[in-house]
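This report refers to the structure that appears directly beneath it.
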Amino acid sequence: MKPAGGMMSGRFDVVIVGGGVMGCSVAYFLASDPAFGGSIAVVERDPTYRTASSALSASSIRQQFSTPANIALSQFGISFLRSVSDHLSVDDDPVDLGLREPGYLYLATEAGADILRKNHAIQKASAVDVALLTPEELAARFPWLSVDGLVAGSLGLSGEGWFDGYSLMQGFRRKAKALGVTFIAADVVGLDRVGDRVNGVLLDNGERLDCGVVVNAAGAKARRVAEFAGIPLPVSARKRCVFVFDCRDPLPACPLVIDPSGVWFRPEGAQFICGAPPPADRDPDTDDLTVEHDLFDDTMWPALAARVPAFEAIKVTASWAGFYEYNDVDQNAILGAHPDVANLLFCNGFSGHGLQQAPGVGRGLAELIVHGGYRSLDLTPFGYQRLLDNRPLLETCVI
């Protein structure tokens, strides 16, 4: 309902805190489920999405994970992206994500070869279209690549690439609105928890939303939202810098390449983008999105030039920084309810692979809300209980 002045109040069956790609995906799958006839509100503190992870991500998708559940999420993700207009078009207006599938290429020296081979076996068992290549095969396929020091490379042959993540988020948002979801521009400043339930969501405009279920999809602010309910959540906001650069020489059939140094790069139109995790002592929980240019000069450029000789003469043309909502325990998503608060669902901690998992996670949480359990993919390995039991679900393929 809309009271005088246009502020939102009243009761919603589901209140989703956070209107990024995750919140909008959950809203879409809920609203499109014929078995759900309730009301949905999505509360987003910044409708411009200026600092949202969904807007600032490099927006890539891969199946090369070490965890079968992550692989399954991305397998559904790529099928959804390929047919996105069938799902998200409004008034027959197609959704164009600019999806490209040149693959991911993980490179390994002797130090990382055993992990690469172990992951390869896990991936093949999950029907991932991936090839393990020798240095000679790498050089033949990618003549612009220096194979010095390499022992092997793992190349995704299909189902991996990149897309426009912001357009995916807006597609989910637009379709959810068309299906009757209410979007509220406000900041959540509290949760009214009584015993094992959250009964209300408190907004910075003074309004209260009574609720049946609350979904924490607050991205980099997820820990704060969980604390409103008295629940610790090991999710921090980690800054990741991305640099755009020119290269005079073409790199035919260039996939997204992950160097053993941790530096990654891929084509972006006629240019390239790159990034790398910062050193541990420069990776705090932060609200700051200032680009740290010395990371490129001191760390990324030397690694780029060593791996691709053509990158010795490159010029940075742009840069930006965005947030990873980083699971400090095991770099995997935290999904579903806390055992002590049955109607508060987590949708957090994706550690850099959230956009590609948004379709599968949104569908899964919608199933949990509507049907009381996962129907399509078993997402129980991502449950909060593993944190209480000290059973981390470790993901070794984190970029």
Side-chain angles (χ1 to χ4, degrees), residues 7-27 30 38-47 49 51-54 181-238 284-287 323-329 332-351 354 361-362 365-366 368-369 382-388:
M7 289 185 179
M8 287 288 175
S9 66
R11 186 186 190 282
F12 291 89
D13 292 292
V14 180
V15 176
I16 300 169
V17 182
V21 71
M22 286 298 171
C24 290
S25 176
V26 174
L30 260 181
S39 55
I40 307 165
V42 177
V43 184
E44 170 54 44
R45 64 190 181 89
D46 179 18
Y49 296 99
T51 62
S53 300
S54 302
V181 174
T182 299
F183 281 77
I184 302 171
D187 193 11
V188 172
V189 295
L191 298 177
D192 177 16
R193 175 183 170 184
V194 179
D196 65 351
R197 293 188 64 80
V198 174
N199 293 326
V201 178
L202 309 179
L203 308 182
D204 62 347
N205 60 15
E207 298 296 321
R208 171 195 169 98
L209 306 176
D210 293 335
C211 56
V213 174
V214 178
V215 178
N216 181 354
K221 300 293 184 181
R223 186 198 301 263
R224 171 175 171 259
V225 173
E227 287 173 348
F228 291 150
I231 297 174
L233 188 67
V235 173
S236 56
R238 305 293 186 93
D285 187 0
T286 182
D287 289 327
F323 290 121
Y324 271 14
E325 51 165 327
Y326 196 82
N327 179 345
D328 299 323
V329 174
N332 265 317
I334 302 169
L335 303 177
H338 188 281
D340 295 337
V341 190
N343 70 328
L344 174 60
L345 304 186
F346 296 103
C347 183
N348 310 115
F350 296 94
S351 306
V361 167
L365 288 184
L368 196 60
I369 293 168
F382 299 110
Y384 192 102
Q385 188 65 44
R386 79 182 191 272
L387 305 178
L388 298 176

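Just so you know, these numbers come straight off a predicted model, no measurement behind them. We count residues from 1, following the sequence as given.
Heavy atoms only, all atoms of each residue included: V42 and G19 are closest at CG1-CA, 3.5 Å. Nearest heavy-atom pair, A342 versus A337, reported as atom, atom and distance to 0.1 Å: O-CB, 3.6 Å. Nearest heavy-atom pair, A218 versus N348, reported as atom, atom and distance to 0.1 Å: N-ND2, 3.9 Å. The shortest heavy-atom contact between N205 and A186 is ND2-CB, 4.3 Å. Minimum interatomic distance between N216 and A226 (heavy atoms only, all atoms of both residues): ND2-N, 3.7 Å. A pairwise comparison of heavy atoms in N327 and R386 identifies ND2-NH2, 3.3 Å as the closest pair.
Distance alone, capped at 3.5 Å, places no donor-acceptor pair between the E325 side chain and the A237 backbone. In this structure, S54 contributes its side chain and V21 its backbone to a donor-acceptor pair below 3.5 Å. Of the possible polar contacts, none joining the R11 side chain to the S39 backbone as a donor-acceptor pair under 3.5 Å is found.
S236 and D328 are linked by a side-chain donor-acceptor pair at a separation below 3.5 angstrom, with hydrogens and angles left out of the test.
Here the side chains of F382 and I334 are not in contact, with every heavy-atom distance at 4.5 Å or above. Side chains of L202 and L191 form no contact here, defined as non-hydrogen atoms less than 4.5 Å apart. Between L203 and V189 there is no side-chain heavy-atom pair separated by less than 4.5 Å. Counting only heavy atoms from C-beta outward, the side chains of V198 and V341 approach each other to under 4.5 Å. For the pair M22/V215, no side-chain contact is recorded, criterion being any heavy-atom separation below 4.5 Å from C-beta on. Using a 4.5 Å heavy-atom threshold, the side chains of C211 and D13 count as separate. Side-chain contact between Y326 and P234 is absent, with no heavy atoms from C-beta onward closer than 4.5 Å. Side-chain contact between I369 and L345: present, with at least one pair of heavy atoms (C-beta onward) separated by less than 4.5 Å.
To the nearest 0.5 angstrom, Y324 atom OH is 9.0 Å from S351 atom OG. Here the CG-CZ distance, from D210 to F12, works out to 10.5 Å after rounding to the nearest 0.5 Å.
Applying the salt bridge (charged side-chain N to carboxylate O under 4.0 Å, His left out) test to every pair with at least one member in residues 335-346, sequence neighbours left out, gives no pairs at all. Judged as a salt bridge (charged side-chain N to carboxylate O under 4.0 Å, His left out), the pairs with a partner in residues 191-204 (not counting sequence neighbours) are, in order, D192-R208.
Using a 4.0 Å cut-off between charged nitrogen and carboxylate oxygen, D46 and K221 do not count as a salt-bridge pair.
Listed by chain and residue number, Y384 satisfy the ring pair (Phe, Tyr, Trp, His ring centres under 6.0 Å) test with F346 (two or more places apart in sequence, or in another chain).
When each of L209, I16, V15 is paired with I184, the side-chain contact (heavy atoms from CB on, under 4.5 Å) condition holds for L209 and for no other.
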Stepwise side chain to side chain contact (heavy atoms under 4.5 Å, CB included) test for F350 and S53: CA-CA 11 Å; F350 296 94; S53 300; over 6 Å; no
